[in-house]
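Computed from a predicted structure; not experimentally measured.
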Amino acid sequence: MRRPESLNTYSVEVSPSAWKQLAHLPLESYQRIRQALDGIAAQLRSPTPAPLPKKEAEPLITRSLSLEGYLAMYEVDTVRRRLTLREVVRTRP
């Protein structure tokens with residue numbers, strides 16, 4: 001069972017394919033991407049979660065983050081309160 005204070009917290013997860021892509025990055029780039037995702041997850045917290053409309057809500061939202069020559073694509077699952085890194089690709093200089 002989750003603690004009451006963690007009910008408003010979004011977790012950050014990494015898909016298996018994204019882990020493989022992260023393994024090829026310099027450690028500093030990985031750390032900055034992870035810190036950015038942790039910051040985004042912290043901003044997604046709401047002090048009082050509002051209930052989602054029954055059929056009109058989009059539970060998965062796909063977004064991207066550009067950082068240090070890399071594009072990190074992630075999904076936000078508003079139902080499970082989870083941010084999942086899906087892919088990391090190098091952008092052109």
(request) Could you point out which residue of Val14, Leu37, Thr62, Ile61 forms a side chain to side chain contact (heavy atoms under 4.5 Å, CB included) with Tyr74? (result)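 Per the side chain to side chain contact (heavy atoms under 4.5 Å, CB included) rule, the option paired with Tyr74 is Leu37, out of Val14, Leu37, Thr62, Ile61.
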(message) So Leu22 and Leu85, do their side chains get closer than 4.5 Å, heavy atoms only?
(response)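 Leu85 reaches Leu22 side chain to side chain.
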(request) For the residue pair Leu25 and Ile33, establish whether any side-chain heavy-atom pair is separated by less than 4.5 Å. (result)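 Counting from C-beta outward, Leu25 and Ile33 do come under 4.5 Å.
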Roughly how far apart are [X] [atom1] and [Y] [atom2], rounded to 0.5 Å?
X	Y	atom1	atom2	result
Asp38	Leu83	CG	CG	9.0 Å
Asp77	Tyr10	CG	OH	8.0 Å
Glu68	Glu28	CD	CD	8.5 Å
Leu71	Ser66	CG	OG	6.0 Å
Arg86	Ser64	CZ	OG	15.0 Å
Gln35	Leu67	CD	CG	9.5 Å

(message) With a 4.5 Å cut-off on side-chain heavy-atom distances among I, L, V, M, F, W and Y, is there a chain of contacts connecting Trp19 to Leu27?
(response)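 Trp19 clusters together with Leu27.
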(request) Using the rule that two of Ile, Leu, Val, Met, Phe, Trp, Tyr join whenever any of their side-chain heavy atoms come within less than 4.5 Å, decide whether Ile40 and Val76 are in one cluster. (result)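 Both belong to a single hydrophobic cluster.
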(request) Give the minimum heavy-atom separation between His24 and Lys20, together with the two atoms involved. (result)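 Between these two residues, the closest heavy atoms are CD2-O, 3.0 Å.
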(message) Which heavy atom of Arg63 sits nearest to which heavy atom of Leu44, and what is that distance?
(response)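 Where Arg63 meets Leu44 most closely, the heavy atoms are NH1-CD2, 4.4 Å.
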(request) Output yes when a side-chain donor or acceptor of Gln21 lies under 3.5 Å from a complementary backbone atom of Val88, and no otherwise. (result)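 Answer holds: yes.
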(message) Check for me whether Arg90 meets the cation-pi criterion with Tyr70, that is, NZ or CZ under 6.0 Å from the six-membered ring centre and within 45 degrees of the ring axis.
(response)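 Checked: cation-pi criterion met.
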